[in-house]
Amino acid sequence: MIPRFAALCSLVLLMVSCSSESTVLTPTFRFFIPFGEGRGALGTASVTNDRMPLIGSFVVNDDRLGMFDRETGRLLVYSTDGKLLIDRILEKLESKKAWPAPVLALSSSSVWIAKPEGAAEKRVYRVYTVPDDTTEMTTAVVFPATPAAILGKNAEAVEHIILERLIPLDNESLIAVWHGLTSRGSGEVVSAMAISIADLKSRTVRTHLVDIDGVKKHESGDARFDSIVSVHQYKDTRQFILETQYRKTDLRSPFEKVLFIQDIEKQTLTKVELPWSAWNALFGVGRDGGLFFIEDVLIHNAATRAIISVYRMDSSRETRYAIEADPARPSLGNFVFSLEGSLYGYEAFDRGVNIYSWR
């Protein structure tokens with residue numbers, strides 16, 4: 001069964017790559033970051049270190065990419081052509097045993113790191129800005145992060161509010177996306193609950209609840225609302241895309257995803273009518289009327305192949321791309337979309353980290 005499925009995926013990739021409306025994207029191998037002394041560079045940039053940050057804290061925009069190691073407080077920021085821009089230990093952010101972990105974000109000119117402070121009933125997230133290797137860290141804004149402050153009267157049964165994503169917009173606004181955690185089981189994630197928008201000039205914060213009740217009204221048949229998987233800023237600080245998941249009784253295909261656009265000023269919730277192929281794909285980012293998806297991913301002979309699709313909201317037109325990693329490199333385990341829709345992939349292994357990009 002598995003070989004037949006793999007062959008089918010390969011055939012689909014071949015058909016897509018040969019379509020007149022599709023393009024085969026070849027990766028740019030950006031650089032290789034080695035562990036320890038004497039490992040050597042395989043790409044256009046090399047940093048020789050005894051201890052590299054955990055790759056789990058990896059963020060990217062279209063100009064820079066960054067990694068943060070919460071155990072040591074070490075921050076690395078590179079330009080996307082491989083130049084090392086920041087390599088620094090942030091003593092204030094050493095948080096090996098802290099929970100929740102700090103959240104990293106990048107704009108075109110700054111690094112933003114949000115660190116939780118205080119017990120759950122008094123918690124705030126202090127957002128630091130790190131401009132370079134030497135300038136002292138400064139506080140850009142402080143987000144209240146208690147259930148009452150974020151959810152108000154909807155805070156019942158929610159014990160913790162966790163910062164899921166931090167999104168900077170042109171160094172003028174910071175957007176925080178929140179999750180609520182309950183005491184059920186081992187801390188079940190309820191859903192994405194709220195969006196906070198900070199004005200960096202006035203340092204004021206306004207918070208908007210995610211319209212979960214509106215999402216639940218779209219349940220149908222045996223599909224029942226399960227969770228909001230992710231929240232993405234769309235066009236401006238007024239519209240946000242909600243990636244929602246419904247659970248079905250069919251055990252062979254138990255989940256179904258639907259996208260909504262929530263307008264926090266007009267207080268409207270609109271379902272996005274998507275082509276079937278994107279229903280259960282990995283949604284990446286929404287920008288300028290386009291929605292970016294990763295569809296079928298196939299790892300075969302140490303190379304990663306995948307289908308990328310861009311769906312245009314205004315024309316209902318879908319453009320599909322076939323991508324393939326360099327077979328000479330390790331297979332990719334992670335994909336990250338930049339804020340403008342460029343795709344990056346990375347693979348951590350015993351000698352270091354490989355960075356790829358498809359632009």
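Because only heavy atoms are used, hydrogens play no part in the values below, and waters and symmetry mates are left out as well, while side chains stay in.
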[X] side chain vs [Y] backbone, donor-acceptor pair below 3.5 Å:
X      : Y      : result
Arg165 : Ile175 : no
Arg224 : Glu219 : no
Gln262 : Leu209 : yes
Thr244 : Val258 : yes
Asp213 : Lys216 : no
Arg247 : Pro254 : no

Working to the nearest 0.5 Å, report the span between [atom1] of [X] and [atom2] of [Y].
X      : Y      : atom1 : atom2 : value
Thr268 : Asp263 : OG1   : CG    : 4.5 Å
Ile261 : Met313 : CD1   : CE    : 3.5 Å
Phe337 : His232 : CZ    : NE2   : 10.0 Å
Lys257 : Leu274 : NZ    : CG    : 12.0 Å
Tyr344 : Leu65  : OH    : CG    : 7.0 Å
Glu117 : Lys122 : CD    : NZ    : 14.0 Å

Notebook entry, point to check: Among Leu174, Leu163, Val103, Thr139, which one satisfies side chain to side chain contact (heavy atoms under 4.5 Å, CB included) with Val127?
Noted result: Leu174
Checklist line | The single option from Asp199, Thr237, Ile195 passing side chain to side chain contact (heavy atoms under 4.5 Å, CB included) against Arg206 | finding: Thr237
Student check: side-chain heavy atoms of [X] and [Y] closer than 4.5 Å:
X      : Y      : result
Phe68  : Ile113 : yes
Tyr246 : Ser220 : no
Arg74  : Asp87  : yes
Phe143 : Leu166 : yes
Phe292 : Leu343 : no
Val158 : Ile150 : no
His208 : Gln267 : no
Trp112 : Leu200 : yes

Next item on the list: Report the C-alpha separation of Phe293 and Leu282 in whole Å, then their side-chain angles, then the decisive distance to 0.1 Å, and conclude whether the side-chain contact (heavy atoms from CB on, under 4.5 Å) test is met.
Entry: CA-CA 6 Å; Phe293 296 88; Leu282 173 64; over 6 Å; no
Work out which heavy atom in [X] is nearest to a heavy atom in [Y]; give both atom names and the distance.
X      : Y      : answer
Pro275 : Glu318 : CG-OE1, 3.6 Å
Arg320 : Ser309 : CG-CB, 4.1 Å
Arg123 : Pro116 : CD-CB, 4.0 Å
Ser196 : Val205 : CB-CG1, 4.0 Å
Thr146 : Glu121 : CG2-O, 3.3 Å
Asn61  : Ser108 : ND2-N, 3.4 Å

Check: Do Phe240 and Tyr234 make the cut of ring centroids closer than 6.0 angstrom?
Finding: no
Note to self: Measuring centre to centre across the rings, with the benzene-like ring taken for any Trp, is His218 within less than 6.0 Å of Phe260?
What the structure shows: yes
Next item on the list: Given side-chain contact (heavy atoms from CB on, under 4.5 Å), test Met193 with Ile212 step by step and report yes or no.
Entry: CA-CA 8 Å; Met193 291 283 206; Ile212 294 181; 3.9 Å; yes
Check: Is the number of heavy atoms from other residues, nucleotides or ligands under 6.0 Å of Asp133 CG greater than 12?
Finding: yes
Checklist line | Over 12 non-hydrogen atoms of neighbours within 6.0 angstrom of CD in Glu136 | finding: no
What about [X] and [Y], same hydrophobic cluster or not, with Ile/Leu/Val/Met/Phe/Trp/Tyr joined at side-chain heavy-atom distances under 4.5 Å?
X      : Y      : result
Val336 : Leu76  : yes
Val142 : Ile167 : no
Phe225 : Val210 : yes
Val215 : Ile264 : yes
Val124 : Val141 : no

Checklist line | Step-by-step side-chain contact (heavy atoms from CB on, under 4.5 Å) determination, Leu90 to Tyr128 | finding: CA-CA 10 Å; Leu90 306 176; Tyr128 295 97; over 6 Å; no
Check: Could you go step by step and tell me if Val111 and Leu104 meet the side-chain contact (heavy atoms from CB on, under 4.5 Å) rule?
Finding: CA-CA 8 Å; Val111 181; Leu104 179 66; 3.6 Å; yes
